[in-house]
Structures are given as structure tokens and as C-alpha cells.
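Some notes on the structure that comes next.
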Amino acid sequence: LQSVVMQTADLLSNDARYFGQWTDGWDIMLDSGQNITGLESYPLKTSGAAFAHAAGLTGSGSKIAVSDGQFITSTSYPEFAGKVIDIVNNWQNLFPSNDPATAHGTIVSAVALGSSGYFIGTAPGADLIFGSYETDEKLAAVGQAALAQRAVAWNNSWGYPSLGLNQEDFDAAFDVSFGSRDYLAALDAYAAYGVVVFAASNDDTLRNSTLLDGLPYMRPSLEAGWIAAVNGVPTFSGENVSSVQLLSSACYEAARWCLIADGGWQIPDLSLQLPGSFTLVTGSSFAAPQISGGLALLEQAFPGLSPHELRVRLLASADDGFFSKDAYVELADGFSKGYSFTYGHGFLDIEAALKPIGGTAMSLSDGGVVATNAPVLRTGTGFGDAVELALAGTDVRVRDALSAGFVMPAGALTTSAWPGSRATALLSRDLSTDLAQRRRATETALSDPFADFGGNTVSLSAPDGLSTASVLLPQPGGDSAGVNLTRALTEGSTRLELGLKLARDNGQVMSLNGDGANMASVSLGLTQDFGANAFLALSGEVGISDLGGATALGTSGAARFDSAALTLGRSNVLAKGDRLTIGVAMPVAVASGETTLDLPVYREAAAAGFAPVAIDLAPDSRQLDLEVSYQAALSEGLEMKLSVAHSDNFGNREGQTDTGGTLALTFRF
């Protein structure tokens with residue numbers, strides 16, 4: 001995506017076919033007499049067409065039908081060189097080559113799909129079906145050709161400005177002759193497959209839609225295949241439209257199927273074949289073919305979607321943040337969109353239509369579906385980055401809320417818990433411990449069996465001091481809990497201990513699904529008293545976990561985990577009764593374990609299907625902790641402990657580090 005954004009910026013800044021469409025500070029007098037000044041138009045940018053081009057989309061393979069004035073077949077326009085152009089019919093008496101009626105149909109077609117060395121339209125790779133609007137019979141013939149050739153859009157930059165949305169005007173347009181009925185039948189038939197795009201009137205004094213842009217108001221069966229196009233110039237705040245200056249009629253009754261696009265284009269003088277001459281044109285006539293071209297771009301991007309589904313994408317993705325919603329329409333099952341009676345669904349945004357709309361979801365091999373707008377696997381710290389690295393380089397197929405297919409990095413399916421910062425862990429431990437008692441206590445290797453869990457523990461020792469039971473208390477809002485039994489196998493200066501632990505974490509340590517995992521382990525500890533107030537404590541733990549059971553992507557299996565710690569200490573270093581310790585530790589992490597995920601893997605030029613992806617659950621780089629602490633009694637009842645800790649491969653992730661220090665002071669009355 002970042003590459004496409006950079007290429008888009010390059011096209012808009014350095015390619016004359018694009019920046020030639022930027023017009024700054026232009027003025028227009030509307031039919032109402034209002035003089036609008038200081039307008040800035042850049043339709044290839046504001047519509048998102050340039051983004052689509054940078055992504056490699058041109059509308060190749062699509063056809064756009066255009067009903068308009070006249071298309072001169074005797075002249076070879078460079079904007080249409082190399083295209084398949086089907087002239088279904090033309091105006092009976094051809095206009096002179098410099099007549100505006102000739103230029104209009106040519107410009108509309110060029111905005112939709114033209115391409116030359118000095119001009120580029122919205123879908124420059126699409127082909128053209130062209131016909132005249134001179135008679136209803138000719139209009140019907142274009143609609144029939146558009147349906148037969150599966151054109152994605154049928155563009156109409158014309159209309160009946162004097163006919164409104166009432167039965168009398170409807171009858172006048174469609175029931176007066178056999179040809180009119182054929183035209184209506186052609187609209188019905190084509191709109192049942194493709195998308196009819198009709199330009200709204202350019203008369204800003206109107207307060208209602210005209211008959212053709214608002215036709216589904218009279219004939220609701222047409223709505224699924226209809227878009228009304230309104231002309232407006234946007235103002236942006238960052239990446240979003242903040243306001244739109246309408247230069248045509250508003251949407252009104254056509255609001256449910258209405259879009260705005262900037263119809264201000266710099267057009268080469270096509271009718272006179274003077275490539276060096278450009279003229280600014282504006283109007284809903286040139287907003288409509290941007291929408292038609294946008295449908296062609298989407299058809300290339302999403303070949304599995306129907307034209308009606310592509311229409312929904314354009315309406316759903318339109319920039320609508322600059323107005324309040326007047327009503328809502330359900331565009332697809334379970335997907336509604338707000339619209340304005342003035343601005344319809346908002347401003348055309350092809351870039352947004354090419355991106356996921358709503359949440360995304362992934363099909364599962366068992367026929368189920370899982371949402372992927374948030375991570376599916378939530379691994380504990382014991383996995384580190386193992387799952388993410390195992391999924392790196394694998395892409396999966398997902399669909400958005402409107403059934404469009406996308407490719408997503410499989411690594412985005414997972415997220416990992418992070419251990420709390422070293423400073424936070426030190427402070428929590430020191431402030432929840434009786435520092436004086438801890439300083440004077442005889443060091444034992446298995447004195448802190450739940451160090452990796454956090455939370456508070458309660459310990460009870462047998463009268464002979466050889467057995468200890470520790471309980472990890474459940475935390476508010478979590479389900480971590482555990483019990484550990486420790487038994488000294490030897491006594492004296494060399495103390496050997498055996499520990500057995502059953503625990504459930506809260507998803508923070510050994511879980512693949514974020515819900516918590518059951519753990520069972522055995523630990524062995526050695527404490528050596530060297531005399532002269534010096535000691536060594538060495539411990540190791542091995543265990544097995546169920547990884548939290550099944551995940552949304554299947555069963556998780558089991559894994560073996562381990563941990564180790566070494567502490568060297570001495571008392572009476574700087575003052576009587578003080579204690580200095582230096583410790584090195586590897587916290588709990590997966591030592592061995594595998595699982596297999598059956599994913600809808602995407603492979604270019606390969607058929608869609610599920611494939612097993614093996615996951616080695618053991619992190620490549622283990623976290624290594626170094627801690628130095630000094631504790632002393634400053635006065636009667638006042639204890640001080642200074643601790644500094646550093647971790648390499650923090651969170652069992654290669655290259656991550658964390659350093660923290662605390663100064664804890666406690667006073668007992």
C-alpha cells in the first residue's frame with residue numbers, strides 16, 4: 001500500500017497526463033446567477049482514479065456503453081487508439097466536426113476511458129460501446145448491445161430537463177410510441193445486470209430530480225442498477241472531504257442512488273484535433289463518466305463481483321463525512337449507509353472502494369467463518385514472536401462486509417502479549433513483599449514459583465521448614481490461579497528442593513487463544529551456602545501446557561515449556577544485615593511444540609483452497625534477564641531496596657530490550 005501511495009503521488013506530480021487536469025482558481029456563473037469563484041479541480045486525484053492506476057488498475061477487460069450526441073468515426077482520435085470501439089448507431093445527420101454536440105460525446109467517452117500521450121481518463125484500459133440518444137430506438141439498441149456484451153456501465157450524460165417524477169411525464173417519455181416502450185424495456189433488462197449512470201441536471205435552481213436521473217423513484221425495480229451523478233467541487237481537510245460546492249442540481253429524490261464527482265476537466269480540443277489546446281469543461285455530464293469508469297476499475301479489481309455489487313461498493317465507500325445523514329438505506333444484507341437528500345451518498349472515492357469496507361472475515365476449512373478485523377490468535381509471552389515468524393510470508397484470503405475478496409498477511413491473524421515492563425515488575429514485587437523479612441530470610445531456590453504470572457501469592461511452611469505450599473491468588477478480571485508444593489530433599493549448607501506446580505494463566509503466558517492455558521510442571525532447586533554470608537541459588541523448571549485448548553483456527557495441541565534462574569548473593573557487604581544479589585534468568589517460554597493451521601492460503605495464479613501451515617511454537621530467541629539489587633535497613637522500621645534490571649530479547653522476541661530500576665522504601669510503625 002505504501003508503494004502504491006508513493007506511485008500515486010508521483011503520477012499526480014510528475015506525469016503531465018495527470019497534473020494537466022489540475023485547475024486552480026477558476027470561476028463559474030450558475031443558472032441561479034450565483035458567481036462561484038476560486039474553485040480548484042483535480043478529478044483524477046479527488047476521485048481516487050490515480051490511486052487505482054498506480055495500483056495497476058485500468059479497467060482492462062471491461063466495456064463501458066455511452067449514449068450521447070455524436071461520435072465521429074471518420075477521424076482517428078488518439079484518446080481511443082487501440083481500443084475496441086463498437087459504434088452501435090450514430091446521429092442521422094452528422095454534426096460539423098467543430099460542433100459542440102460532436103465534442104460532448106467524445107469528451108464524455110474520453111473522461112470515461114480515454115488515453116493518449118497527453119490525456120488519461122478514469123478507466124484508460126476499458127473499451128467503448130457508443131450510440132446516439134437521437135431516438136428511443138437508438139437508445140434501446142445501445143442498451144441491448146450493452147447487455148449482450150456485458151458492459152459494466154451504461155453512461156448517459158443527457159436527460160429530459162423538463163420532465164419530472166410524476167406519472168404524466170413518465171407516460172410522456174415511455175408510452176407514446178413503440179420505440180419508447182422498447183427503450184424502457186432495454187433499461188429494465190440492462191439495469192437487471194449492469195449499472196445505468198445518469199447525469200443530473202446542471203440547473204442549480206431545480207428543487208427536484210428530473211425523470212431519468214430519478215427514474216427508480218417511479219420504477220423501483222431499477223434502483224439496484226442505477227446511479228445518479230451530481231457535479232461538485234470538493235474541499236479537503238487532510239485526506240477527507242470537508243465540504244462540496246455543488247455546481248448542478250442536488251440529489252433530491254435520487255439521493256438513495258446518488259454520487260457526487262468533480263466534472264471539471266481540462267480537455268484537449270478533440271473535435272478540432274489540436275492536441276496542444278486544452279479547454280476546461282465542467283458539468284454533471286463529465287461527473288457521470290468518472291463513475292462509469294470507476295465501475296470498470298472495480299470490475300478489474302474484483303472480477304468475482306457483479307456490476308450491482310460494484311455499484312454498492314461505490315455508494316458504500318463514498319466520502320460522507322461532510323454532511324449529516326437524512327436517511328439510511330440497506331445497500332446489502334446487514335449493511336446500511338446513511339445519505340443526504342442534497343449530497344446523496346457523498347463524494348466519489350474509488351480508492352476507498354478498492355479497500356476493505358466494514359470488517360473482514362476469513363473462511364475456515366470446517367465451513368465456518370472467523371472475523372479478521374482483530375487478531376484471531378492471541379499468544380502468550382511464552383511464544384514470543386514464534387507464531388508471527390512462522391506465518392511471515394504467507395498470505396490468506398479474506399472477504400470484507402460487501403463480499404469483496406482481499407489478500408491479507410497471515411501474520412496479521414496473530415498478536416502476542418507483552419510482559420509488563422521490568423520497572424513495573426520490580427515495583428510490584430517489592431511493594432507487595434515484607435522487605436525486612438525478605439532481607440533476613442534464608443535464600444531458597446524455589447522461593448518464587450509464580451514469578452512469571454504476576455499477582456499475589458500466599459505461602460505456608462511446615463513447622464520443620466522442609467515443605468512449603470504456595471497459592472497464586474486469582475486476579476480481579478482474570479482467571480489465573482495455581483498451587484505449588486515444594487519439598488526439601490536435603491538440609492544443611494546444600495539444600496536440594498523439588499517442586500510440583502499446577503496452574504492456569506490468564507492468557508498472558510502459555511495460551512494460543514488468549515483465554516488462558518492449563519500448565520503442569522516440575523521444578524528442581526539447589527541452594528548452596530558458601531559461608532561468609534555468601535550463597536548461590538539455582539533453579540530449573542520443565543512442564544507441559546494444553547495451550548488453552550482449541551482456537552478459532554483449530555486444535556492447538558500441547559507444548560513443553562521450561563525456565564531457569566541463577567542468583568548469587570552476599571550479606572553484610574556495606575552494612576550489617578544488608579544484602580546484595582545478582583541474578584540471571586530465562587523466564588518461562590515454549591521449549592518445543594508444534595501446531596498446524598489449515599488456512600485459505602493465497603498463491604498467485606493458483607486455485608483458491610486451504611493448505612496446512614505448520615507452526616513451530618518455540619521462539620528462536622529466549623528472553624535473558626539480568627538483575628542487581630541492594631537492600632538495607634536505613635533505620636529502625638525503615639527499609640530500602642534499590643533494584644536495576646535489564647532484559648535482552650524481551651518478551652522472547654529477538655532484538656527487543658527493556659531496562660528499568662526502582663527504589664522502594666517501606667516504613668513499619
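These numbers come from a predicted model, not from an experiment.
Within the 4.5 Å cutoff, the side chain of S416 has no heavy atoms near those of the D385 side chain. Under the 4.5 Å side-chain criterion, counting only non-hydrogen atoms from C-beta, T282 is not in contact with L39. No side-chain heavy atom of R399 sits less than 4.5 Å from a side-chain heavy atom of V369. Between L354 and L298, the closest side-chain pair of non-hydrogen atoms falls below 4.5 Å. With contacts defined as side-chain heavy-atom distances shorter than 4.5 Å, the pair L259/L315 qualifies. Residues L215 and L187 form a side-chain contact, since some pair of their non-hydrogen atoms from C-beta on lies under 4.5 Å apart. Contact check for F302 versus R313: side-chain heavy atoms found under the 4.5 Å cut-off. Looking at heavy atoms from C-beta onward, T381 lies in side-chain contact with Q508 at the 4.5 angstrom threshold.
Geometrically, K45 does not engage F236 in a cation-pi contact, judged by NZ or CZ lying under 6.0 Å from the ring centre and within 45° of the ring axis.
Crowding of Q149 atom CD: a count of heavy atoms from other residues, nucleotides or ligands under 6.0 Å exceeding 12. Counted within 6.0 Å of CG on D333, heavy atoms from surrounding residues, nucleotides or ligands total 12 or fewer; the atom is thus considered open.
Centroid-to-centroid, the aromatic rings of Y343 and F322 come within less than 6.0 Å. In this structure, W265 has its ring center no closer than 6.0 Å to that of F286. Between F561 and F383, a ring centre-to-centre spacing not shorter than 6.0 Å is recorded.
In this structure, the separation between OG1 on T414 and CG on L553 is 9.5 Å, given to the nearest 0.5 Å. Note: L597 CG to T551 OG1 = 6.5 Å, rounded to the nearest 0.5 Å. In this structure, F323 CZ and I260 CD1 are separated by 7.0 Å, a value rounded to the nearest 0.5 Å. In this structure, L297 CG and I350 CD1 are separated by 5.5 Å, a value rounded to the nearest 0.5 Å. The line from CD of Q290 to CG of L314 is 11.5 Å long, rounded to the nearest 0.5 Å. For the atom pair D213 CG and I227 CD1, the distance stands at 13.0 Å (nearest 0.5 Å).
Salt bridge status for E351 with K355: present, with a side-chain N to carboxylate O gap under 4.0 Å.
A distance-only check finds no donor-acceptor pair linking the side chain of D319 to the backbone of N240 [under 3.5 Å]. Between the side chain of D616 and the backbone N or O of E594 there is no donor-acceptor pair closer than 3.5 Å. No donor-acceptor distance shorter than 3.5 angstrom exists from the side chain of E388 to the backbone of G411, with no hydrogens or angles considered.
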Residues T235, S242; criterion side chain to side chain donor-acceptor pair (under 3.5 Å); working and verdict: CA-CA 6 Å; T235 298; S242 57; 5.3 Å; no

Candidate pair D505 and S511, rule side chain to side chain donor-acceptor pair (under 3.5 Å), full reasoning: CA-CA 8 Å; D505 76 356; S511 172; 5.3 Å; no

